[in-house]
Amino acid sequence: MSPTGLVVEDLSGDGKVDVAVTHDGFSSTNAVRVFLGNGQGQLAAGQVIPEAGMMQSLASADMNGDGVLDLLAGSNAGVHTLLGYGDGTFVHWASSYATYARGIAVGDFNRDGRADIAQAGLIGSPVMLGDGSGRFAEPIRVKLEAVGLNGVRAADLDADGNADLVVLDDISSELQALMGDGVGGFTVTAAPLLGPPQPGGEYGLGDFDGDGDLDAIVYRKVGGSHYLDTYRGNGLGGFTTWGSVPIPRTPMALTIGDMNQDERDDLLLGFWPDEGASVTVWHSTGTGTFSQSLPAVATIVPNHPSGLAVGRLNGDARLDIVLAGFPYPGGDSDIHVLLANAAGGYDLATQIPSSGGELRLVDMDRDGKLDILRKDFDSGNGCPGPYEVYRSDGTGQFTGPIVSPCRGPLSAVVDVNGDTFPDVVSSRLTVDVSLGTGTGALVATPDSFWEQGYDSHPYSSGAADVNGDGQMDFARVDGSGQVRIFLGDGAGGFADLLP
């Protein structure tokens, strides 16, 4: 008989230290045993409280706010709340779901003034939120039974101030909205798609009719035909089928922004270089369809863009374009900066020698100008190339690069430690954080988290404050059919809350 949990506290209210203990249950009854102290180092056997499952851990806290210590016993059958009477005796009050709760920590994790618990178990560390009575909600998690690997986007779909998530499921052919309650919980709604989306294909969110509600666009392939399907958002997390636009071939890059200042989001599409120019602007009609514009820059060597981003680079109101090419035979892998002109087209402002890769436009040094953040190609799980930052002078010209060690793809670029400088969260086999310094350099943190599964699509992730604590959190889709939520601690660290 081996003890697995121990609490040393004044459980009887007499000012003397008592002991509560759990055992492994292999050679004894599964129970919590209380021993009352006499203040002289001696213990007398007290109450034995039978509980279901093999005992794994024990903790004490006031779980119902009555000023009396209670006990929390973890087993392979759940976490059991034993409410104390204040005299060294306890009564079983509730059991909550858990899986081999080998360790229990108590804290107010959602800042509502009620005790919550975190567990260390065999397959995760879920958090369960307390209701103030000693009972707990289910662990914070979002389970999607057949989710494809087309990723998760973070947005406030219903303008309630709470972060929501959108997941494209390419197995059940659904667009799933996970509506956040502001404290880490979600309600899932699903909208059917016109047909199965292309696995790993492009999709995005934008306001395509200017009504203030986010809409969705999804790439779909049927035989040899290619389509972009639109779904109109209702501002409550729901989506309805809206329109479908044929496109010439597979889009390898899709970026959304109001390119012509009509208060409707447009599309910037990048294609493989097998039919003419590879980057084109498609203007929204406001009715769920798009009209193709001229190529962004007709003089660029036709090429597949490996990175594509839009932003205001030279102080005027028009969105400009930055693209990095792919070293396709005969192609151009440099970074091209394209500034919008008065005629509605784009002029090549500068061309930076490069080997292609992912791109983001981010104000890395907080000087009010968008800089270029580039990540070189990532072949599988490794990192053959570094992060590079090119600092903007505000005219469309850039200096650099400032080179930092690579931790993986640019899954999210946000401030995770509250110093106002953008940081990089990278999701692959592990999820890593590189902190921005304000100089353009990125410093890798020593820890990575969640080393299970493989995510080959770097955009299947998103960052938002999902639990309303003012700290940036991180969400990603994994291959087991779950959206995993990692809550930020405000210092660059994260806790995985999903079992």
Side-chain angles (χ1 to χ4, degrees), residues 202 249-255 257 259 267-281 293-314 316 318-341 345-365 369-379 382-406 408-410 413 422 424 440-442 458-459:
E202 295 290 335
R249 55 199 184 277
T250 301
M252 304 306 294
L254 182 153
T255 297
M259 306 302 294
L267 303 179
L268 192 64
L269 298 178
F271 300 98
W272 277 103
D274 52 356
E275 298 177 16
S278 63
V279 177
T280 53
V281 178
S293 173
L294 293 175
V297 174
T299 57
I300 287 183
V301 176
N303 195 15
H304 158 45
S306 59
L308 190 60
V310 298
R312 294 178 176 86
L313 300 178
N314 61 346
D316 65 18
R318 293 281 304 277
L319 287 177
D320 307 305
I321 301 171
V322 176
L323 67 91
F326 186 91
Y328 191 80
D332 179 357
S333 62
D334 290 347
I335 297 173
H336 303 264
V337 178
L338 316 175
L339 299 182
N341 58 38
Y346 299 87
D347 300 321
L348 180 62
T350 188
Q351 187 167 332
I352 303 171
S354 171
S355 58
E358 299 176 65
L359 287 181
R360 298 285 191 278
L361 285 174
V362 188
D363 186 0
M364 297 296 293
D365 50 10
K369 305 165 189 174
L370 289 176
D371 308 306
I372 298 173
L373 171 62
R374 186 184 81 92
K375 158 68 182 70
D376 209 339
F377 291 107
D378 188 352
S379 58
C383 185
Y387 295 138
E388 293 181 346
V389 171
Y390 298 84
R391 298 175 71 173
S392 171
D393 68 358
T395 69
Q397 302 297 314
F398 295 82
T399 60
I402 301 169
V403 180
S404 301
C406 172
L410 304 175
V413 184
V424 174
L442 292 156
Y459 299 103

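Source: prediction; values computed, not measured. Position 1 is the first residue of the sequence; numbering continues from there.
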(request) With the side chain counted from C-beta on, respond yes when H336 and L348 share a heavy-atom pair under 4.5 Å apart, and no when they do not. (result) yes
(request) May I ask you to decide if G396's main-chain N or O and N314's side chain share a donor-acceptor pair within less than 3.5 Å? (result) no
(request) Tell me, please, which residues at least two apart from N341 pass side chain to side chain donor-acceptor pair (under 3.5 Å). (result) D347
(request) For the residue pair D376 and E388, establish whether any side-chain heavy-atom pair is separated by less than 4.5 Å. (result) no
(request) Report yes if some heavy atom in the side chain of Y346 is under 4.5 Å from a heavy atom in the side chain of V281; otherwise report no. (result) yes
(message) If I compare all heavy atoms of P386 with all of C406, which pair ends up nearest, and what's the gap?
(response) CA-CB, 3.7 Å
(message) Please find the pair of heavy atoms, one from A253 and one from L308, that lie closest to each other, and give the distance.
(response) CB-CD2, 3.9 Å
(request) Could you check I321, I372, L323 and say which one makes a side-chain contact (heavy atoms from CB on, under 4.5 Å) with V337? (result) I372
(message) Restricting to non-hydrogen atoms, name the atom on L359 and the atom on A324 that form the minimum distance, rounded to 0.1 Å.
(response) CD1-N, 3.4 Å
(message) Could you check whether any side-chain heavy atom of L370 comes within less than 4.5 Å of a side-chain heavy atom of S392, counting everything from C-beta outward?
(response) no
(request) Run the numbers on V310 and D320 for side chain to side chain contact (heavy atoms under 4.5 Å, CB included), then give the verdict. (result) CA-CA 5 Å; V310 298; D320 307 305; over 6 Å; no
(message) On a heavy-atom basis, which atom in P409 and which in Y387 lie closest, and how many Å separate them?
(response) O-OH, 4.1 Å
(message) As an exercise, state the distance from CZ of R312 to CG of L339, rounded to the nearest 0.5 Å.
(response) 13.5 Å
(message) I need the minimum non-hydrogen distance between L442 and P405, along with the two atoms involved.
(response) O-CD, 4.4 Å
(request) Would you check if V322 and L313 make a side-chain contact, meaning some heavy-atom pair closer than 4.5 Å? (result) yes
(request) Ignoring hydrogens and angles, tell me if any N or O in the side chain of E358 forms a donor-acceptor pair with the backbone of L373 under 3.5 Å. (result) no
(message) Let me confirm one number: the OH-CD1 distance from Y390 to I335, rounded to the nearest 0.5 Å.
(response) 4.5 Å
(message) For D365, give me all partners under side-chain contact (heavy atoms from CB on, under 4.5 Å), at least two apart in sequence or on another chain.
(response) D363, D367, D371, R391
(message) Checking T395 now: which residues fulfil side chain to side chain donor-acceptor pair (under 3.5 Å) with it, not counting sequence neighbours?
(response) D393
(request) For R318 and G345, work out which heavy atoms get closest and say how close. (result) NH2-O, 4.2 Å
(message) Has R360 got a side-chain atom pairing as donor or acceptor with R374's backbone, closer than 3.5 angstrom?
(response) no
